[in-house]
Each structure stands twice: as C-alpha cells, then as structure tokens.
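The structure appears below as structure tokens.
Order of the sequence lines fixes the chain letters, A, B, ..., with proteins taken first and strands second; residue numbering starts at 1 for each chain.
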Amino acid sequence: MDVMVHSSSFLLPKIHQPAKTPANNYTLVVLNQHLPRFMPRLWAHAKLRICADGGANRIFYEMPQMTNDQDCETTRNRYIPEIIEGDMDSIRPEVKRFYSNQGSTISDKSHNQETTDLHKCISSIRHRTPSHEKSDLCVLVTGALGGRFDHEAANINVLYVFSDMRIIFLSDDCLIQLLPKTHQHEINIESSVEGPHCGLFPIGAPSTSTTTTGLKWNLSEAKMRFGSMISTSNIVDSEKVTVQSDADLLWTISLRNLT
Amino acid sequence: MPLPCRQQLRPGPNRQRLRQLGSTKKRKKGYAPSTRPLVKGSNLCFLFVKHKYTNSFRVPCSLLIISYSGSAPHRPRRPRHATSPPPGGDQSAIAPMPLPTMTHSSSFLLPSPPAEAAAAADAVAYAVIVLNQRLPRFASLLWTRAQLRVCADGGANRLFDGMPELHPGEDPDEVRARYKPDAIKGDMDSIRPEVKEFYSNLGAKIVDESHDQDTTDLHKCISFITRNPPGPDKANLCILVLGALGGRFDHEMGNINVLYRFSNIKIILLSDESLIFLLPKTHNHEILVDQSIEGPHCGLIPMGMPSSSSTTTGLRWNLDNTSMSYGGLVSTSNIVDDKKVMVTSDSDLIWTISLRNHT
C-alpha cells in the first residue's frame with residue numbers, strides 16, 4: 001500500500017518552509033464564515049485564492065482587521081482573490097463590484113442549484129489542474145466548519161466525494177482532513193503550530209481495523225464506529241503519527257494560538 | 001496493551017443492553033399506509049442523472065432526523081455487527097415487523113409553550129446541559145423551560161460570563177443568581193476558581209470526576225441526569241445541550257457520538273444556527289415542525305454508517321427508499337415543506353434543522 005505523507009507546513013510563516021514538503025501548490029478557498037485569525041499566512045502561501053460567494057464579503061470586511069495596514073483600502077487592494085465562484089446569492093453588490101474592477105474573475109454558477117458552493121469550487125479546481133500537477137496540489141479551505149450543521153455535513157461530504165484530492169478544512173480551533181483507506185498515512189506534526197489534541201473518526205462507515213503510532217493512546221487493529229469507540233481528545237506524542245485503516249477516517253488536530 | 005483512555009471505550013448503558021437483548025428487527029420497506037411519496041421515482045432519477053460525474057447522488061438536502069417520542073415504547077435493538085451489511089440489505093427470512101412511531105417537537109423553543117402540553121400526564125421534563133462554548137441567544141429561554149440544569153466544567157464559566165450579557169441593563173450578580181446551575185460536573189480542569197466558588201456558595205452541587213478520564217464531560221453529565229431525572233421517570237426526559245457544536249472538531253464528534261451511545265434518551269444538540277438529534281432506525285419518525293421558530297433548511301445525515309434505504313415525506317426533496325452515504329448522497333440544504341416530516345430508515349440518521357434568527 002502506498003504511503004501518503006501529510007504536513008501542516010502551510011501554517012508556518014512562509015520564511016520557515018522546510019526544504020521538502022508533500023505538497024507545495026496551495027489553493028485557498030474561502031467560505032462564508034468568520035476568517036480564522038491566521039488568514040494572512042494562508043493567503044501568502046497560496047498560489048490561487050478563490051472566494052466561494054459570500055466568502056468574498058469576509059475578505060473584504062474582515063481582512064483589514066487582521067493586518068497592520070493604515071487603512072482598509074490598502075488591505076483590500078492587497079488581498080484580491082483571483083476567482084469568486086458560486087451561486088452569487090450571498091456576495092454583496094459593492095464587494096462584487098470592487099473585486100470585479102480589481103480583476104477578479106467572477107464565475108457565476110447560479111444555474112446550478114444541485115451542489116454547494118464548496119463543491120463547485122473544488123470541482124473547478126480539479127478541472128483546471130493538469131494531471132501532472134495533481135499530486136502536488138493541496139486545497140486549504142476556511143469557513144467549512146461550524147455554522148449551520150447541514151452545511152458542515154455537506155462540506156465534510158465533499159472530502160469524501162473528492163477523496164483523491166488533498167483538501168484541508170481549517171478553523172481557529174483545528175484542522176480536519178480525510179485519510180483515505182487506500183493509503184498508509186504519515187502525518188508530520190509541526191508542534192509549534194498544531195497539537196496536542198487530535199482524533200480519528202469513521203464518519204462514513206465503521207472501521208474494523210485501525211492501527212496508529214505516535215499517539216498517546218495508540219490504536220492497534222482497533223474497531224471504531226459511531227455508537228461505540230471513536231478516538232477523541234487523543235494526544236500527539238511524537239513528531240510523526242502514522243495511521244492505517246480499513247475505513248476512510250477523518251483526522252483532526254487542534255491548532256495553537258496562531259496569528 | 002493498556003486500553004487507550006478518552007476513546008469512549010467503556011460501553012455505555014445502551015450498549016450493555018444491546019448485548020443482553022438479542023431481538024431482531026426488520027423494517028418494512030416502503031411507506032406506511034397513511035403516507036404517500038411526494039416525489040415520484042422518475043423525478044428522483046432525473047436529479048441523480050444530473051450528477052453522474054461526481055459518481056454520487058446529490059440530494060440538495062439531507063439531514064438525519066432523530067426524533068424521540070415520550071409515549072412510544074423503545075424497541076429493543078438488534079446487536080450491530082462490526083462489518084456493515086452489503087448495500088442490497090440482509091434478505092433474511094424473518095418477517096418484517098412494523099416499527100413504532102416516535103414523535104418529535106421543538107416546542108421547548110417557543111416563547112410560550114402550549115399550556116396543555118405542560119399539564120399533560122406525560123409532559124416532557126427538560127434538563128439543560130451547558131458545555132464550554134459561547135451561550136446561544138436563547139439560553140435563558142431554555143434555562144427557564146428546564147427542571148434540571150447542569151454545567152459541564154467550563155460551561156460554568158460560559159454561564160457566569162454569558163448570562164449577564166444576555167440580560168444587559170440588569171445587575172450581573174442578580175442575573176447569575178437567577179440562572180444558577182443545579183450541578184457542575186466534569187473533570188474541573190477548565191472552570192475558573194472564582195466561578196466554582198460563586199456557584200458553590202449558591203448551592204450548586206460540585207461533582208468532581210477528574211478521576212474518570214475515559215468519558216467526555218458531556219457523557220458524564222448525561223449519565224448524571226439519567227441517574228437523577230427531573231421528571232417522574234426517564235421516559236419523558238429530554239436533554240437539551242448547549243455548546244456541543246462548533247469549536248474543536250474532536251469535541252463535536254465526541255458529542256455526536258454521545259447521541260449514538262445514549263440512543264434511547266432524547267438528547268438535542270443546539271447552536272445559534274441549528275439543532276440536531278438522532279433518529280434511531282428502530283422507529284418511524286414524526287417530526288413536528290413549527291416554522292415560527294425553526295426551518296426551513298434541514299437535512300438527514302448517515303453519520304457513521306451508510307443507509308441503503310431511507311424514505312421521507314414533508315420535505316421539498318423527499319427520499320424514496322434512497323441510499324445515503326458519505327461519498328455519495330447526503331441530504332443537506334433540504335427544505336421543510338410541511339408541518340410534519342416523516343422519516344423511516346434502515347440506519348440511524350442525524351436530523352438537523354435551522355433555527356430562525358429571532359428564536
């Protein structure tokens with residue numbers, strides 16, 4: 001079984017990037033919830049920034065509070081998303097006008113009411129990424145957790161539907177990502193920015209055998225399912241955590257107080 | 001190898017009961033005689049074809065609805081096997097038995113609940129648990145509805161800080177005295193010393209369970225409430241939990257797992273935006289929707305296990321013996337189209353519905 005390596009180096013200040021990272025082509029997707037306080041750091045790492053509909057409102061109104069710029073206008077001119085995509089029912093007219101004038105591509109997908117804005121964004125990222133670049137690609141998503149519960153569930157389903165892509169959800173408190181059962185997983189822990197609390201969840205289907213190393217309470221061919229045992233409030237005990245399972249698992253790790 | 005801690009390995013009361021009962025349950029497929037599909041099969045096929053490229057079906061909304069009804073007897077559940085049954089279902093020779101119906105209502109969110117409901121012999125007895133997140137805007141309303149109020153550790157800090165904020169213009173300490181918990185339970189590693197002292201002086205029972213690191217604070221509180229139910233018996237108990245959603249994701253998952261582990265108890269997780277509860281597969285579910293306080297957005301979520309057959313009425317996009325799974329169809333952004341939503345499924349589902357802004 002192939003090994004998939006993971007790292008949260010995108011949470012480090014850009015200048016501290018390790019020489020070799022599993023993915024160095026970051027795309028940032030901003031959904032319509034409060035921006036995490038480390039958003040400027042994510043923005044700096046990303047080669048492409050996409051706002052999903054009302055996510056553009058968040059960048060427009062909340063970024064100025066996160067920078068040391070003298071005025072809002074300077075900040076807004078510095079943080080222009082390349083694309084704004086979605087059904088456009090949440091973005092404010094003045095925000096749409098501003099970014100459109102600044103050169104952002106407005107991709108109106110309002111004719112498609114069958115999929116969520118996140119699904120549309122991930123789908124178009126996949127279509128526009130050439131095959132040889134796909135393994136290097138990592139999509140960072142803010143605003144996917146919390147808020148209305150059915151939205152969160154739909155967003156998590158996007159991780160499963162696009163399980164062949166690296167997609168990481170980030171909030172102020174934690175990050176989550178899918179560990180597909182098709183691979184063994186090696187998670188490199190950046191303890192200056194993440195941990196120690198972590199967990200593993202069999203959200204789609206139970207696991208009859210999961211094995212880990214690097215955790216305070218490791219699993220050894222353990223069964224996990226909702227209604228019984230799932231791994232919550234575990235602790236990372238090593239610089240490297242390995243996970244192997246017969247089921248797709250969601251991995252989560254807490255984030256330290258980053259600014 | 002020592003058992004890992006904090007992984008909820010200890011079987012809850014529900015699981016032990018499962019081991020003792022070996023009864024089988026077979027759900028009758030299709031609709032109950034009183035219902036009919038609102039969406040024809042052909043329409044649903046059309047929706048599915050549209051999303052072929054994703055290799056999954058997307059129904060605009062799905063949420064698991066779990067409903068409890070105080071009056072329906074709880075049906076013994078068949079022990080689960082570690083591996084899921086094949087998608088085709090287990091076609092055993094056992095004749096299908098009709099499922100009892102569980103009724104659910106969010107009337108506890110009404111500003112003035114119906115007087116006859118409170119006076120009824122089988123009136124619901126509410127307990128409230130406050131976890132360690134910001135109080136939702138309707139916390140005071142639920143507090144006055146409840147007959148038993150428990151804070152889980154740092155939830156006491158949230159109550160202490162948050163209640164005066166919900167009552168601006170009033171003296172903070174008077175507000176705190178009015179909204180004091182009956183008990184504060186948990187491992188006490190988050191509660192501030194001055195908060196603990198304040199509520200202890202007001203008579204709140206402080207139950208320190210720091211010796212028990214195997215279960216979450218919510219699990220401990222649920223156990224406490226089931227041992228000390230506010231009403232005459234547990235059958236009409238409904239536990240409302242504030243602060244269970246959002247925040248650290250492993251906490252949220254642990255809280256949702258508590259719904260599964262105590263599936264014979266009505267437990268509702270509430271946030272400012274939505275509420276969720278479990279719909280056990282052992283029952284048909286009747287969810288009464290009051291559009292003045294909730295909706296229209298809703299969903300059904302097969303958390304932890306796929307469903308090969310779920311059927312609903314009362315939704316804009318109903319399910320019709322539809323399969324649901326992560327990676328496939330999950331019903332989200334659905335719309336409640338009726339005062340009553342019916343759900344039947346071969347799998348436990350999570351129901352969620354949005355809450356109105358003024359609730």
Side-chain angles (χ1 to χ4, degrees), chain A residues 112-116 119 123 145-157 159-163 169 171-176 197-208 215-220 222-235 248 250 252-255, chain B residues 1 3-9 11 14-15 47 50-51 54-56 58 60-63 80 82-84 216 245-254 256-257 260-261 263 269 271 273-276 297-299 301-306 325-328 330-334 348 350 352 354:
Chain A
N112 178 356
Q113 287 296 316
E114 306 297 343
T115 56
T116 60
H119 194 289
S123 191
L145 302 174
R148 232 174 71 192
F149 189 77
D150 65 319
H151 280 164
E152 181 180 290
N155 293 336
I156 290 172
N157 197 31
L159 298 179
Y160 281 77
V161 168
F162 294 94
S163 60
F169 290 173
S171 74
D172 272 315
D173 303 288
C174 58
L175 67 81
I176 75 168
H197 308 286
C198 60
L200 285 162
F201 316 110
I203 288 193
S207 160
T208 54
L215 302 178
K216 191 161 181 187
W217 295 285
N218 280 307
L219 305 173
S220 177
K223 292 183 172 46
M224 290 208 289
R225 67 172 172 83
F226 272 82
S228 179
M229 193 271 283
I230 62 174
S231 181
T232 67
S233 296
N234 211 326
I235 301 276
D248 297 327
L250 269 197
T252 185
I253 187 165
S254 57
L255 297 186
Chain B
M1 166 127 200
L3 283 178
C5 298
R6 292 291 252 183
Q7 300 199 74
Q8 304 188 25
L9 275 177
N14 184 52
R15 185 151 183 204
L47 278 175
K50 257 189 175 181
H51 302 290
T54 62
N55 204 32
S56 69
R58 263 202 69 81
C61 32
S62 45
L63 267 172
R80 261 194 208 147
T83 50
S84 351
T216 61
L245 303 174
R248 236 173 69 190
F249 190 73
D250 65 317
H251 282 166
E252 183 178 294
M253 290 297 107
I256 292 174
N257 198 32
Y260 284 77
R261 301 195 73 189
S263 61
L269 307 187
S271 73
E273 288 92 4
S274 40
L275 62 79
I276 78 169
H297 308 286
C298 63
I301 301 165
M303 183 83 87
M305 179 79 79
S325 67
Y326 267 90
V330 175
S331 180
T332 62
S333 296
N334 211 326
D348 297 332
I350 297 276
T352 181
S354 57

- Message: Is A/Ile203 close to chain B through its backbone or its side chain, or both, or neither, when contacts mean heavy atoms under 4.5 Å?
- Response: both
- Which region of A/Ser163, side chain (C-beta onward) or backbone (N, CA, C, O), has a non-hydrogen atom less than 4.5 Å from a non-hydrogen atom of chain B, or is it both or neither? neither
- Below 4.5 Å, heavy atoms only, C-beta onward: do B/His251 and A/Ser233 meet side chain to side chain? yes
- Would a distance-only check, ignoring hydrogens and angles, find a side-chain to backbone donor-acceptor pair under 3.5 Å from B/Tyr326 to A/Asp248? no
- Message: If I take atom CG from residue A/Leu175 and atom OG1 from residue A/Thr252, how far apart are they, to the nearest 0.5 angstrom?
- Response: 6.0 Å
- Note on the structure: Scored by heavy-atom pairs under 4.5 Å with chain B, the best of A/Gly147, A/Pro202, A/Ser254, A/Ser171 is A/Gly147
- Contacting region of A/Leu250 [heavy-atom separation from chain B under 4.5 Å]: side chain
- Task: Search all heavy atoms of A/Arg225 against all heavy atoms of A/Pro206 and return the closest pair with its distance.
- Result: CB-CB, 3.5 Å
